[in-house]
Every structure is written in structure tokens, then in C-alpha cells.
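Below is one structure, written out as C-alpha cells; the observations come after it.
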Amino acid sequence: MSFVVEMNGAQNNGINGNSVHHVSVRTHVSVNPAKLKSHRQRWNVRPSEMSKKTLNPIRAIVDGMKLTPNPEKPMIALSIGDPTVFGNMPTDDTVLQAVKEAIDSHKYNGYAPSVGYQKSREAVANFYSCPEAPLEDKDVILSSGCSQAIELAISVLCNPGDNILVPRPGFSLYKTLAVSMGIQVKHYNLLPEKSWEIDLQHLESLIDDKTACLIVNNPSNPCGSVFSREHQHKILSVASRNCIPILADEIYGDMVFPGCDFQPLAPLSSDVPILSCGGLAKRWLVPGWRMGWILIHDRNYIFGTGIREGLVKLSQRILGPCTVVQGALERILNDTPPEFYQGTISFLKSNSEICYSELSTVPGLNPVMPSGAMYIMVGIEMEHFPDFQNDVEFTERLVTEQSVFCLPATAFEYPNFFRIVVTVPEEMMIEACIRIREFCARHYRPRSQDSHELDQ
């Protein structure tokens, strides 16, 4: 049955079956003209609370530095964790060819599932699966770089008011993401005298009933350290005792120097559930391609269906990583020759040794030899450099006088150190070390005889 309804003179005719019914309805509604106006009398557009809480410590510190290089010396930037900057570390031709073939196939120009193509997820699962920690395609979520993988992992494990445990010194993105979501960050200490192992006693002391996640970054940015199996077992013991899941940031996985063994955390776990985050950026030297992933290792079905479903839902907020790179992923993982990885690692180790050797003999500096990744941390004995109050001023003046830019470790919550990126060409690495030595020689002040006697 349908109606012909007349409202204030307007008619709409409708037919249903064999009958037509006409109903006249007249309404008399008193409308206050003032209510038709917007309640807002003026523009009032404000930034969201999330945007106001979002702060990248590196950008905040670097943007506040007075970086005016010495015009007589070409700039050497040892601050950017991008291995492609100087053009001396290209990816392998096999990797490029895989992408070209994906483009030429015309198969990857449309939308993919938010979690990635099944074939691409299978390729990642097969590449990282092992008997101790088997993986299937359903255990892989593809993401727009490892950074988004970390964001998804934090988002699915934590609620506002929870806290997460992050390393100090550590990658600043963890804090940037967490704080913007209303999640408290608790920093656990790494020990430079023990090659940046975790202070396990300090770590466990931070855990409370609001602790939702432990972030373990191995190999480390900014330290270049690689944890032993023994140490990782101890980390897992802490997590197991306290029933805390782990977010394992392993973007530098297998990017370790000869004689050092990288062991993914998941195969060592008997009960702790782990979300392992990785990607193509560093090992394959293509950070701009934005291809990352989460590997879901669910010991004893602790995550259950909820965490998996949550990750899928969160991934649906955007439409996933680049489809062309997804189309090339199987070939990239399976066909990249071992010689490419070996060449990268050999170069990084050589540059690290040059840097460590040169700076370890500079009075007032204490470099810590790395075992992998792309970085070396250098301690500053600030008492010997009275011209500067802290590492930020030290590195700022290093730019002004020597045109060498190292990142102050205050950006990693670890003052009185600076981080050097070792991906620059060798001759540039040597030149930078010479300039750092000259800078330190100019500003170094030995302890006075009086203060030495007072210490005794």
C-alpha cells in the first residue's frame, strides 16, 4: 500500500499493487527562525588533541639547533638513518628488476586487501618461518613500512592510560606514537659497558598492572648492538614472569657483522606472544618503498582471535602498502643474492671499525663498538668540554666549526652521547673523524691538578 501525501501543498505519488490511495496531510509547524541559524557564530577550528600530543623528539631537537655549517668546509651529515642518501649503497639489481616486472605485468595497479595480497604474505611467511616459530600467510600483516607496523602493534595492544616499556637509548618513534595515543612511556636502561644489553633488574622494576607491552629493538637503533641468545632468554623470562607481550622491532634483522649472530626473538620463546615488526627498508636498502610487516607469533594462543582481528581492523583504516612492491615481494625475498647482503655488511663493518678506531683515541670521547645495524654511539666526557652544557650544544658547535653533523643522543633520551651513521662513503667517514678530532682537541680541557688531588 502506498500513499499520496500532501505536505504544505507538495504531492508525491506512489503505486503499490492495484490500489492507489490519496491522503492529504497538512502540517502547521511553528519554526523559530533563530533555530535555523548555526549555533556557531564564529570560526573555531582547533587542532586535535592527538596532533597536539604528537612530537618527534629528533625533529624537536634538530629544528631548535642553530645549524650553520662552516662555509669553508663541505657539510658531512652523519645524522640521517637513510642508507641511500649518498648514493654509495644502491640496492641489488635483482630487487630493481623484480619491481620493473611487477609494473610491466599490469597486475598491481589496483587496490589490494588492507593486510596485503595473500601471495605476498605467503612469501614473507615462508621467508621467516622456522620449525621453532612456524608462520603461515594468516600470521603476516603487510604495512606501509616498519613504522606503520610498529604503530599497528602498539595500537592493538594498548589503550589510553596503559604504559609501554621502551629502551633508553631508543628509537624516538615509540614515544612519539604512544604519547599521541594517550599511552604512558616508561624507559628501561641499556648498559653501554655491556655492549648495550638491557638492565633487566631496572626493566622488571618498571612493570605494573597497566603495562601492556614491552618493546625490544634488536639489532638496535641507535646503538648498533646485537643481543646474544642468552640475553634474549633472560628478556623472555622477565616477560613470561609478568605476562607481558613483546613488540620485537627487528627492522635491522640479519644486518649484523661477521662473527656475530642475529637470533630473532620469537623462536626462542616458549610462551611469550610476540609481534615482530620488520620490512625491506634497511637490509634491502629501499626505505622509500614503504614495505613493512608484522609477524604474529602467538605462543599458547594467548593473543587468541582478538589481536588478529584487531590488527585486520586497524589495517583497514588505510588501504595497505604499495601494491607494486607487494607484487615484487616474492622475488625480492627469494632471489636477492647472498653477495648483496654480504657486501652491505662488509662495508658497514669497515666503516664502523674506522670510526671506532679513530675516535677511541680522541681524549674526551668514548665510542662503543657496534655489532650490527648502521650506527655507532659515542660518549662525551662533558666535564672535559666546559665550553658546552650538553650534547646538543656540543654537536651544534661541531656543525658550526667543522661542518660535521652528528645526532645528539638527547634525541634518544640519552644525554652526553652522540650517534654517528656509518653509511657514508669511506673517505667521507675518515674526513669526518679527522674533523671531530680537531674539534675535540680545540675544546678539550684536562682536569686541573687541584681537582685531581681533591678526588684522591
Side-chain angles (χ1 to χ4, degrees), residues 56-58 81 128 143 145-154 157-158 163-178 183 185-192 194-200 202-203 206 211-229 231-236 238-239 244-257 260-269 272 274-279 281-283 287 292-295 297 348 368 370-377 407 409 411-414 417 419 421-422:
N56 185 323
I58 294 178
Y128 287 103
S143 61
C146 187
S147 295
Q148 196 210 2
I150 293 167
E151 180 187 32
L152 290 172
I154 293 174
L157 293 173
C158 306
N163 65 71
I164 61 173
L165 309 178
V166 306
R168 177 172 55 204
F171 185 35
S172 61
L173 183 69
Y174 310 138
K175 182 177 181 179
T176 298
L177 293 172
I183 299 162
V185 171
K186 292 185 175 183
H187 294 98
Y188 62 83
N189 292 329
L190 304 182
L191 303 171
K194 293 188 176 181
S195 299
W196 301 109
E197 285 188 347
I198 295 174
D199 183 337
L200 296 168
H202 181 236
L203 167 66
L206 299 175
T211 302
C213 171
L214 163 61
I215 296 182
V216 177
N217 177 208
N218 179 52
S220 167
N221 173 15
C223 302
S225 56
V226 181
F227 294 150
S228 67
R229 288 175 182 243
H231 188 60
Q232 290 190 91
H233 277 300
K234 292 178 180 178
I235 297 168
L236 287 166
V238 173
I244 306 295
I246 291 178
L247 190 170
D249 179 356
E250 298 178 335
I251 186 63
Y252 295 96
D254 288 311
M255 213 171 177
V256 299
F257 302 159
C260 184
D261 176 46
F262 166 71
Q263 171 61 58
L265 192 60
L268 301 178
S269 172
V272 178
I274 296 170
L275 297 180
S276 176
C277 299
K282 302 302 166 65
R283 193 179 181 203
W293 47 74
I294 298 175
L295 310 180
H297 297 279
L348 293 174
V368 182
S371 299
M374 312 187 311
Y375 313 102
I376 182 169
M377 285 278 276
L407 202 59
F412 306 107
E413 306 282 344
Y414 209 77
F417 273 74
R419 186 194 75 174
V421 178
V422 297

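By convention here, the first residue in the shown sequence is residue 1. Because the structure is a prediction, the values reported are computed rather than measured.
Closest approach of A411 to S172, counting heavy atoms only: O-CB, 3.8 Å. Between V226 and G372, the closest heavy-atom pair is CG2-N, 4.0 Å. For the residue pair H187 and P167, the shortest heavy atom distance occurs at CD2-O, 4.0 Å. Closest heavy-atom contact between C213 and L157: SG-CD1, 3.9 Å. Across every non-hydrogen atom of I294 and C277, the tightest pair is CG1-SG, 4.2 Å. The heavy-atom pair separating M255 from L348 by the smallest distance is CE-CD1, 3.6 Å.
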### Task
Could you go through the side chain to side chain contact (heavy atoms under 4.5 Å, CB included) check for I164 and K186 one step at a time?
CA-CA 6 Å; I164 61 173; K186 292 185 175 183; over 6 Å; no
### Task
Let me see the working for L268 and H233 under side chain to side chain contact (heavy atoms under 4.5 Å, CB included), right down to the final yes or no.
CA-CA 7 Å; L268 301 178; H233 277 300; 3.9 Å; yes
### Task
Apply side chain to side chain contact (heavy atoms under 4.5 Å, CB included) to V185 and N163, showing your working.
CA-CA 6 Å; V185 171; N163 65 71; over 6 Å; no
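Counting only N and O atoms by type, the side chains of T176 and N56 include no donor and acceptor under 3.5 Å apart. Side-chain polar atoms of D249 and Y174 form a donor-acceptor pair below 3.5 angstrom.
Counting heavy atoms from C-beta outward, L173 and E151 have side chains that stay 4.5 Å or more apart. Side chains of F171 and V166 form no contact here, defined as non-hydrogen atoms less than 4.5 Å apart. I274 has its side chain out of reach of P245: every pair of non-hydrogen atoms, C-beta onward, lies at least 4.5 Å apart. Counting heavy atoms from C-beta on, the side chains of I183 and I154 come closer than 4.5 Å.
Taking OH of Y414 as the start and CZ of R168 as the end, the distance is 8.5 Å to the nearest 0.5 Å. Taking CG from L265 and CG from L275, the interatomic distance works out to 11.5 Å, rounded to the nearest 0.5 Å. Interatomic distance, R283 CZ to Y252 OH, rounded to the nearest 0.5 Å: 14.5 Å. Remark: L152 CG to L177 CG distance equals 10.0 Å, nearest 0.5 Å. Considering OG of S371 and CZ of F227, their distance stands at 11.0 Å, rounded to 0.5 Å. Interatomic distance, S276 OG to H297 NE2, rounded to the nearest 0.5 Å: 5.0 Å.
Electrostatic pairing of K194 and D199 does not count as a salt bridge here, judged by no charged N lying under 4.0 Å from a carboxylate O. A salt bridge does not link K234 to E197: none of the charged nitrogens lies less than 4.0 Å from a carboxylate oxygen.
The ring of F412 has its center no closer than 6.0 angstrom to the ring center of W196. Taking the centre of each ring, W293 and Y128 come in below the 6.0 Å mark.
Distance alone, capped at 3.5 Å, is enough to place a donor-acceptor pair between the H231 side chain and the I198 backbone. For the pair H202 (side chain) and N189 (backbone), a donor-acceptor distance under 3.5 Å is present.
Checking Q232, E250, Q263 one by one against N218, the side chain to side chain contact (heavy atoms under 4.5 Å, CB included) holds for a single residue, Q232. In summary, of the residues considered (L236, I235, L165), a side chain to side chain contact (heavy atoms under 4.5 Å, CB included) with V216 occurs for I235 alone. When each of C223, S225, P222 is checked for a side chain to side chain contact (heavy atoms under 4.5 Å, CB included) with L190, only C223 meets the rule.
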